[in-house]
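This report refers to the structure that appears directly beneath it.
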Amino acid sequence: MEKNDFIRNRIREDVAQGTLEQGVITRFPPEPNGYLHIGHAKSICLNFGVANEFGGKTFLRFDDTNPLKEDDEFVDAIQDDVRWLGFEWDDRLTYASDYFQQLFDFAVQLIKDGKAYVCSQTPDEMRVGRGTLTEPGVNSPYRGRSVEENLVLFEGMRAGEFADGEHVLRARIDMSSPNINLRDPVFYRIRNIHHQRTGDTWCIYPMYDYTHCVCDALEQISHSLCTLEFADHRPLYNWVLENINSNYHPPQIEFSRLGLEYTVMSKRFLAQLVADGVVSGWDDPRMPTIAGLRRRGIPASAIRDFCDRIGVTKQDNTVEMGLLDFCVRTQLEPAAPRGMAVLEPLKVTLTNYPDQGGEEAGEWVDGVWHQQNDELGTRKLHFGPTLYIERSDFEEVPPKKYKRLSPGEMVRLRYGYIIRCDEVIKNAAGEVVELRCFYAPDSKSGSDTSGLKPKGVVHWVSASEGIPALVREYGYLFTVAQPDKNDMAATLNADSMVEHTAFVEPAVVASDAARFQFERQGYYYRDPLGLSADVQDDTPVFNRIVTLRDSYKPTQG
RNA sequence: UGGGGUGUCGCCAAGUGGUAAGGCACCAGGUUUUGAUCCUGGCAUUCGCAGGUUCGAUCCCUGCCACCCCAGCCA
């Protein structure tokens with residue numbers, strides 16, 4: 001179905017009017033100072049999506065104008081993430097730093113045209129001079145420097161004759177503009193620092209407002225899409241392109257950024273979580289980063305679907321996590337093989353199960369990998385006299401309409417037999433530690449002649465053949481839907497990860513599928529990193545991707 | 001109390017002069033050896049508020065209100 005958000009409508013109009021000589025060209029311009037998060041995914045899906053839909057192209061352009069904050073680690077991670085999301089840029093991988101020389105030449109011309117000047121105020125002086133939201137700024141005392149002096153000074157800046165902060169290059173626009181961005185914005189600052197890509201070639205670096213629009217023009221971007229907070233910068237974007245010798249002037253179009261409940265989309269804060277060790281890294285499965293979502297097991301297709309469903313507008317929005325969950329389940333439901341795992345084991349002993357002696361006890365029963373998808377085939381499950389069921393599947397005093405096990409009641413063990421709870425064994429503390437049950441030998445799944453009507457179906461794992469595994473359940477990073485941006489640590493969820501020593505059926509562990517549905521529980525992903533880098537252990541680790549939808553509401557009594 | 005942006009169901013989001021799409025969530029039924037999936041039905045007399053124009057307004061006009069963004073030599 002054709003999407004009809006305001007941006008695509010606009011592009012459709014431009015295409016219809018035939019004003020786009022090169023076709024639709026977009027760009028995704030991340031700064032390599034952190035990992036991408038799901039908010040970036042919205043922008044990626046928009047930029048690459050639009051280009052794909054209109055037969056155009058998209059540049060992946062790293063905005064590397066501030067060597068103080070940027071790192072190659074992020075350049076690599078960002079490429080991995082975009083690729084993983086399913087998008088390609090072919091040979092259109094660029095860096096703002098590719099254009100440093102051209103940016104410099106344009107700046108020299110601006111100086112010659114009297115449109116820019118070298119300012120030698122201190123940062124404090126400049127801040128005061130800029131005025132406030134309600135008061136106009138005042139002209140810098142250096143605003144009147146001659147073109148010649150500016151040229152000499154700017155060349156000196158480039159030549160490394162000055163210390164950091166001694167001078168900046170400013171645009172000469174309007175210190176009394178109601179738009180603060182137009183009050184003689186800084187275009188170049190001195191940074192005597194090594195740049196990841198240009199090394200020591202430069203010691204002056206251009207600012208975003210000056211760089212971004214020029215790069216867009218040089219790459220002949222047809223539509224420069226960005227988030228709402230840059231709307232105030234649009235007049236400056238336009239000013240630059242109107243005042244340099246450029247024959248290309250892309251329109252900047254702003255859309256609102258993505259808000260997601262129970263998490264935060266601030267790179268600064270996410271970096272803090274990593275630095276503080278609150279999470280294991282940028283790819284911790286609790287993080288809203290692309291790398292985190294990937295390691296949690298969320299398929300890229302689910303993220304793309306999510307981005308399609310949330311749409312693109314200029315309205316502030318905070319999307320419920322439930323929508324992402326829905327998208328994940330939608331992808332996994334038809335595809336993920338089913339398996340059984342018991343997270344909190346409760347021992348069940350079948351008192352009348354034939355004693356075959358020692359380790360020979362038990363039998364192998366058949367189970368399909370997917371009830372609705374025969375192509376996934378079948379697997380064998382071990383059934384024996386000692387089993388584990390989920391603790392939560394037993395209640396001594398069951399609520400009304402309880403469809404699980406309780407004293408005197410029967411349930412079917414999925415793919416196995418019907419059992420009846422005859423005896424509840426407790427420890428000294430009064431905790432239930434074992435159920436002694438009768439099993440109906442003629443109730444085997446698929447050939448049931450018992451005529452019994454169990455209350456429900458329950459998952460289980462053979463005690464002798466089940467494989468111990470570490471299962472990690474992930475919750476929200478925050479305890480409140482909308483964390484306070486000024487005090488995010490206050491509402492951090494201390495229990496955002498719960499670990500279980502679970503028992504998993506052997507066929508699941510042996511399978512090379514990456515994602516499973518553990519029946520009646522949720523979707524799980526075999527963590528590719530395993531237990532940890534420094535622990536040599538074969539224990540399988542499963543991350544819970546998302547729970548199954550659950551409409552069970554325990555009733556009173 | 002400067003500038004920019006936004007207000008349509010709990011959350012997203014179409015519609016923009018002809019009498020409120022869709023998705024998620026939720027509720028009620030049906031199927032079911034996953035309380036899952038699947039299927040069926042329900043879910044805004046009302047579009048931030050108040051006036052005005054009009055035969056008719058969510059859509060046009062006026063005024064108000066609320067929320068978001070902006071005072072980095074960050075992006």
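Convention: sequence-line order gives letters A, B, ...; per-chain numbering from 1.
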Just the table, please: protein N/O against nucleotides 36-39 of chain B N/O, every pair under 3.5 Å.
from, atom 1, to, atom 2, distance (Å)
B/rA36, OP1, A/S551, OG, 2.8
B/rU37, OP2, A/R549, NH1, 3.2
B/rU37, O2', A/E333, OE1, 3.0
B/rU37, O2', A/E333, OE2, 3.3

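- Contact annotation: side chain of A/T134 to base of B/rU1, donor-acceptor pair absent below 3.5 Å.
- The stretch residues 30-43 of chain A touches RNA chain B through A/E31, each having a heavy atom within less than 4.0 Å of the strand.
- With hydrogens and angles ignored, a donor-acceptor pair under 3.5 angstrom links the side chain of A/R404 to the base of B/rG35.
- Contact check on A/R8 versus A/E53 returns a salt bridge, with a Lys/Arg side-chain nitrogen under 4.0 Å from an Asp/Glu carboxylate oxygen.
- Qualifying salt bridge (Lys or Arg N to Asp or Glu O under 4.0 Å) partners for A/R183, counting only residues two or more places apart in sequence or in other chains: none.
- Taking a cutoff of 4.0 Å between a charged side-chain nitrogen and a carboxylate oxygen, A/D184 and A/R172 do not qualify as a salt bridge.
- The salt bridge (Lys or Arg N to Asp or Glu O under 4.0 Å) search around A/R304 returns none, not counting sequence neighbours.
- Neither OP1 nor OP2 of B/rU6 sits under 4.0 Å from any side-chain N or O of A/T313.
- Closest to the side chain of A/N66, from the set B/rA14, B/rG35, B/rC74, is B/rC74.
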Hey, what are the protein-to-nucleotides 65-69 of chain B N/O distances that come in under 3.5 Å?
from, atom 1, to, atom 2, distance (Å)
B/rC68, O4', A/D316, OD2, 3.1

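- The side-chain contact (heavy atoms from CB on, under 4.5 Å) check on A/R61 picks up A/R27, A/P29, A/T94, A/Y99, A/H212, A/C215, A/D216, A/E219, A/I221, with sequence neighbours excluded.
- When the side-chain contact (heavy atoms from CB on, under 4.5 Å) test is applied to A/P251, the partners found at least two apart in sequence or on another chain are A/R10, A/H223.
- A/D63 pairs by the salt bridge (Lys or Arg N to Asp or Glu O under 4.0 Å) definition with nothing, not counting sequence neighbours.
- Residue A/S445 is in base contact, counting any heavy-atom pair closer than 4.0 Å across all strands shown.
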Notebook entry, point to check: Reading RNA chain B 5' to 3', what string of ( ), [ ], | and . shows its pairs, if Watson-Crick and G-U wobble pairs count only when both distances fall under 3.5 Å?
Noted result: .(((((((.[[[..)..(...]]].(((((.......))))).....[[[[[..)....]]]]])))))).....
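- In this structure A/F503 satisfies the ring pair (Phe, Tyr, Trp, His ring centres under 6.0 Å) test together with A/Y388, sequence neighbours excluded.
- Comment: A/E505 engages A/R379 in a salt bridge, judged by a side-chain N to carboxylate O separation of less than 4.0 angstrom.
- Among residues at least two apart or in separate chains, there is no ring pair (Phe, Tyr, Trp, His ring centres under 6.0 Å) pair with a member in residues 307-337 of chain A.
- Residue pairs satisfying the side chain to side chain donor-acceptor pair (under 3.5 Å) criterion with at least one member in residues 445-454 of chain A, sequence neighbours excluded, are listed as follows: A/R412-A/D448, A/D448-A/S450.
- At a threshold of 4.0 Å, the pair A/R257-A/E229 counts as salt-bridged, since one of the basic side-chain nitrogens sits closer than that to a carboxylate oxygen.
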